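Presented below is the structure to which this report refers.
Note that the coordinates shown come from a computational prediction; the quantities given were computed from them, not determined experimentally. Basis for what follows: all heavy atoms, side chains included, without hydrogens, waters or symmetry-related copies.
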Amino acid sequence: MSRLAAGVVLVTAQEPPLDPDDPHAPGVEDVGMTATAFLSVSLDPPLVMVSLREGARMDDLLAEQPLWAVSVLAESQRHIAGRFAMKGRISDRLLFEDIPYRRGEVTGAPLVGGALATLECRTEQRVAAGDHTLVIGRVLTAHVPSAEGGPLLYFRGRYRQLG
C-alpha cells in the first residue's frame, strides 16, 4: 500500500476534563494526529471516514468524544504532519504551541491556519477493521480557508508534493 499516494490531514479533538466536577482538575486538552487514511464517503448526507490504529490515543478519545475536526494539510505544512506523527510524544499541548490555528465553531477543536480545507465532524459510526477502527463522521462545517498551494501527499513512506 506504500505505492498508493494519499493526502495528509491533521485530525484534532478536545479531550474533556478527567473530572468535570472538580474545579481544580485540568481543563480540556487539545489532541492531534496525522492521518493519511482519510476519505469522503458520501455527499448526501455529507460523511467522511478516518482510519485510526486500534488503541491509539485518538481512537480512545473518539470512542468517548463524538466531535472532532480535520485540517487538509498544504504542501508547505510538512512540519505539522511530521510533528503529529511522532510516536511516544509527551504532550500535544507543546505540539500546538507555535502552530497558527483557530477553534472550530462547533467542535472547539483546533483547525490549522493555512490548511487547504477544514471540516468539523460528529461521529456517526465506528467500525472495527482488523487492527484499526474506521470512524465515519457527519460533516457539520466545511471551509476552504486557503486556495493557495497544493496538497501534502504521502507516498512510499515519505511526504511529497505534486509535480
Within the 4.5 Å heavy-atom criterion, are [X] and [Y] side-chain neighbours or not?
X	Y	result
E75	Q77	no
H132	E54	no
D30	D92	no
M58	V50	no
R158	R156	no
L152	I80	no

Measuring from atom [atom1] of [X] to atom [atom2] of [Y], what distance do you get when rounded to the nearest 0.5 angstrom?
X	Y	atom1	atom2	result
E15	Q65	CD	CD	9.5 Å
H143	S71	NE2	OG	11.5 Å
T36	L73	OG1	CG	11.5 Å
R160	R78	CZ	CZ	8.5 Å

Using a side-chain heavy atom cutoff under 4.5 Å and only I, L, V, M, F, W and Y, what cluster partners does L134 have? L39, V41, L47, M49, V127, I136
Between R83 and L95 (side chain of the first, backbone of the second, donor and acceptor by atom type, cut-off under 3.5 Å), is there such a pair?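 Indeed, once roles are kept as given, a pair shorter than 3.5 Å links the two residues.
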Residues which pass salt bridge (charged side-chain N to carboxylate O under 4.0 Å, His left out) with R126, listed by chain and number, not counting sequence neighbours: D59
If the condition is ring-ring contact (aromatic ring centres under 6.0 Å, His included), which residues does F96 pass it with, not counting sequence neighbours? F84, Y101
If a pair satisfies salt bridge (charged side-chain N to carboxylate O under 4.0 Å, His left out) and one of its residues is in residues 34-51, list it, with sequence neighbours excluded.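 Passing the test, one end in residues 34-51: no pairs.
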Among the clusters formed by ILVMFWY side chains lying less than 4.5 Å apart, do I99 and M86 turn up in the same one? yes
Can you run down the ring-ring contact (aromatic ring centres under 6.0 Å, His included) pairs that involve residues 31-81, sequence neighbours left out, and say none if there aren't any?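 Every pair satisfying ring-ring contact (aromatic ring centres under 6.0 Å, His included) with a residue in residues 31-81: there are none.
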Test L67 against L140 for side-chain contact (heavy atoms from CB on, under 4.5 Å), laying out the working first. CA-CA 10 Å; L67 298 174; L140 304 173; 4.0 Å; yes
Mind listing the closest non-hydrogen atom pair of [X] and [Y] along with its distance?
X	Y	answer
P45	R138	CB-NH1, 3.2 Å
L61	A13	CD2-CB, 3.7 Å
A85	Y159	CB-OH, 3.9 Å

Taking atom CG as the centre, does L43 end up with more than 12 heavy-atom neighbours from other residues, nucleotides or ligands that are less than 6.0 angstrom away?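 No - once you tally the heavy atoms of other residues, nucleotides and ligands closer than 6.0 Å, there are 12 at most.
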Could you list the donor-acceptor pairs under 3.5 angstrom formed between side-chain atoms of residues 110-120 and any protein atom two or more places apart in sequence or on another chain?
unit_1, atom_1, unit_2, atom_2, d
E120, OE1, E105, N, 3.3
E120, OE1, V106, N, 3.4
E120, OE1, T141, OG1, 2.8
E120, OE2, E105, N, 3.3
E120, OE2, V106, N, 3.0
E120, OE2, T107, N, 2.7
E120, OE2, T107, OG1, 2.7

